[in-house]
Structures are given as C-alpha cells and as structure tokens.
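Before any comments, here is the structure.
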Amino acid sequence: MSIQETDTQVIITHPNHSDSVVKILKYGATIYSWVSKGSEQLWLSSATKLDGSKPVRGGIPLVFPVFGKNTADEYLKDLPQHGFARNSTWEFLGQTRQNPPTVQFALSPEQANPDLIKLWPMDFTLILTVSLHKESLTTKIEVKNTSETKEMKFNWLFHTYLRVEDIEDTFVSNLAGMTTYDQLLQITYDDKHPVVTFHEEVDKIYKEVPEDRIIQVVRKGVPIHTLKRSNLPDAVVWNPWIEKSSGMGDFEPKDGYLQMVCVEPGHVHDLVKLAPGETWNASQKLFNGELKYQAI
Ligand code: BG6
C-alpha cells in the first residue's frame with residue numbers, strides 16, 4: 001500500500017520506487033521528511049516537537065496568512081509570526097491519484113487553531129496537494145475566499161528547510177541581479193553577487209523573481225536541490241547561523257545550521273488580494289536538476 005494513515009500523520013511510499021517516501025504530519029500539514037532515491041532531502045531539527053504542541057522546526061512548514069509579522073494590516077496585525085496554518089491540524093482528504101501518488105489536506109476556519117483563528121475573521125478554504133514522483137516532490141496550494149462579501153488579503157510561503165552536507169561550501173544560485181530586502185540590515189538593494197554564500201546569518205527576501213529563474217542549491221559544482229516555482233514571485237533565503245540557532249530552543253543540534261538552508265518560495269513582498277468567491281493557486285517543485293547558471 002502506498003498510503004498509510006495514522007491519527008497524526010500520512011506516509012506516502014512511491015508504488016514503483018520504494019526508496020521515495022514522504023511523511024506528512026496532520027499538524028500544520030507539515031512535510032517533515034522526504035526521502036528521494038534513498039536519501040533524505042529535508043532538514044529536521046532533532047529537538048522539534050512532532051506532537052502538535054509547536055510548529056515543526058524543519059521540513060516544509062506552511063506559512064499563511066502572514067509572513068513574519070505584519071503591523072499595518074487591520075486583520076493580520078494581531079496574528080503571531082508566520083500565521084496559523086503551521087499551528088493548526090489539517091483535515092486529511094485522502095488520496096486523489098494513484099500514480100504519482102497524490103494526497104490532499106484541507107484547512108478552513110472550523111479546523112484552524114481556535115485561539116488564532118478568532119484573530120483573523122475570514123471565510124476560506126485551503127487545499128494542499130502533495131505529489132510524490134520518482135525523483136521530485138510537488139506541493140500545491142489552493143486558497144479560496146469563501147466569503148460572499150469580504151475581500152481577503154494574505155501572504156503564502158513554503159518554508160522549505162533543505163538538507164545540505166556543509167553550508168560553508170554550498171551556495172544558492174540564479175538570484176543574481178534580483179532586488180533583495182535584507183531583513184537583518186533592513187535595506188533593499190539589487191544583489192549583484194553571482195551566488196548567495198553562507199559565512200554568517202543570512203535572512204533575505206528576493207522580490208519578484210521571474211518564474212523562469214530556477215533556484216539551485218549547489219555544492220562543489222553539483223546541484224543538490226533545484227526548485228521550480230509557480231505563482232510564487234518571492235524567495236526567502238535563510239540560515240540562522242550560530243547566534244540565532246543557539247537562541248532557538250527547538251533547534252538541535254546547535255551546529256545544525258551547517259547542514260541546512262531555507263529556500264522559501266512565497267508571495268510575501270505584497271499581500272495577495274482575493275475577491276469574494278475567488279481562488280488563488282501556487283506551487284513549488286523540488287527535484288535534482290541539471291546545473292544551470294542564470295546570470296544578471
Ligand atoms: C524565515 C524568516 O522565513 O523564518 C526569518 O525570514 C525567521 O526571519 C525564520 O527567523 C524562522 O521563523 P520561525 O518563526 O519559524 O522561528
């Protein structure tokens with residue numbers, strides 16, 4: 001059987017490739033492990049809670065309806081950092097396709113975290129579709145504004161923690177020439193560096209990155225992760241480095257920042273504005289592609 005469901009999680013094993021497995025917690029509909037061709041592709045903190053008491057530190061947490069903190073929007077301003085999708089238990093809708101094995105999860109106000117949803121009085125349905133291919137993983141989100149009268153404004157982001165062997169000889173490519181907001185320096189500039197390297201904390205939002213920019217994580221000239229985005233114009237690149245990771249109680253081992261990088265496709269620079277009854281779709285595809293350099 002390629003789909004196993006328990007009270008707390010869903011595990012998909014590829015029917016023709018048993019060394020491709022994805023594990024999804026119902027809490028947050030968080031993918032916390034993706035093994036492709038026998039190798040784990042995602043980073044997961046050894047101290048993370050998988051019991052629904054805290055968002056997962058690692059894997060692919062879902063960020064909705066706000067990225068970071070928003071102090072300006074009348075509805076979003078009361079929500080905690082990164083919203084409530086990652087701290088709500090989603091409903092498992094079941095398998096929708098045999099091959100590639102595909103499953104869906106849903107979240108609406110009825111299932112959402114009761115303490116948080118009361119801070120954001122909107123009518124919506126989210127549907128997450130996860131497809132496991134032989135050598136790739138696709139996550140697709142559909143957001144529907146089910147209100148008959150009220151516009152809905154939100155951010156979406158796949159907070160993807162990618163596993164790397166050694167961040168110090170790894171870089172992220174194909175963002176050269178893009179406008180970036182450095183969240184640490186709080187400045188915006190055009191990043192002319194050919195690649196993003198990691199020798200200290202990095203927390204940058206690359207804005208309006210054209211869809212044909214295929215972001216790659218490259219180590220010693222070999223692409224280890226390739227990321228395709230659809231309808232997700234922004235990409236956050238984050239590594240907490242020493243000080244920030246030591247301050248996060250759920251981040252272990254403490255030198256785990258050497259084995260991870262977050263490349264997070266999202267719609268975070270602006271809010272998506274959805275009229276009553278409208279639907280918005282976006283997706284990310286993770287795979288292991290050919291090396292491709294896209295310069296300024
Ligand atoms: C990243 C942000 O997306 O998430 C960082 O750019 C933030 O600023 C990081 O520190 C982790 O956030 P959290 O809420 O999971 O600790």
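Atoms within a ligand are numbered from 1 in the order they appear, just like the ligands themselves. Remember, it's a predicted structure, so these values are computed and weren't measured experimentally. Counting begins at 1 with the first residue of the sequence.
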The protein heavy atom nearest to atom 4 (O) of ligand 1 is His159 NE2, 2.8 Å

Give the atoms of ligand 1, by number and element, whose distance to some non-hydrogen atom of Phe67 is under 4.0 Å. 3 (O), 6 (O)

Considering heavy atoms of the protein only, find what lies nearest to atom 16 (O) of ligand 1 and give residue, atom and distance to 0.1 Å. Arg57 NH2, 3.0 Å

What protein heavy atom sits nearest atom 11 (C) of ligand 1, and how far away is it? Trp238 CH2, 3.5 Å

Compute the ring centroids of Trp43 and Tyr257, then answer whether they are less than 6.0 Å apart. no

Under 4.0 Å from ligand 1, counting heavy atoms only, is it the side chain of Arg86, its backbone, both or neither? side chain

Ion pair present between Asp191 and Lys204, side-chain N to carboxylate O less than 4.0 angstrom? yes

Backbone or side-chain N or O of Tyr161 under 3.5 Å from ligand 1 N or O: no

Check the side chains of Ser33 and Glu40 for a donor-acceptor pair under 3.5 angstrom, ignoring hydrogens and angles. yes

Identity and distance of the protein heavy atom lying nearest atom 5 (C) of ligand 1: Asp203 OD2, 3.1 Å

Ring-plane angle category for His159 and Trp238, please: parallel below 30°, perpendicular beyond 60°, tilted otherwise. perpendicular

Are Phe171 and Val202 connected into the same hydrophobic cluster when the rule is that any two of I, L, V, M, F, W, Y join if their side-chain heavy atoms are below 4.5 Å apart? no

Taking only heavy atoms of Gln81 into account, list the atoms of ligand 1 that are under 4.0 Å away from them. 7 (C), 12 (O), 13 (P), 14 (O)

Below 4.0 angstrom, N of the basic side chain to O of the carboxylate: do Glu252 and Arg57 qualify? no

Honestly, is Lys150 close enough over Tyr75, meaning NZ or CZ under 6.0 Å from the six-membered ring centre and within 45° of the axis? yes

What atoms in ligand 1 come closer than 4.0 Å to a heavy atom of Glu264? 1 (C), 3 (O)

Atoms of ligand 1 less than 4.0 Å from Lys244 heavy atoms? 10 (O)

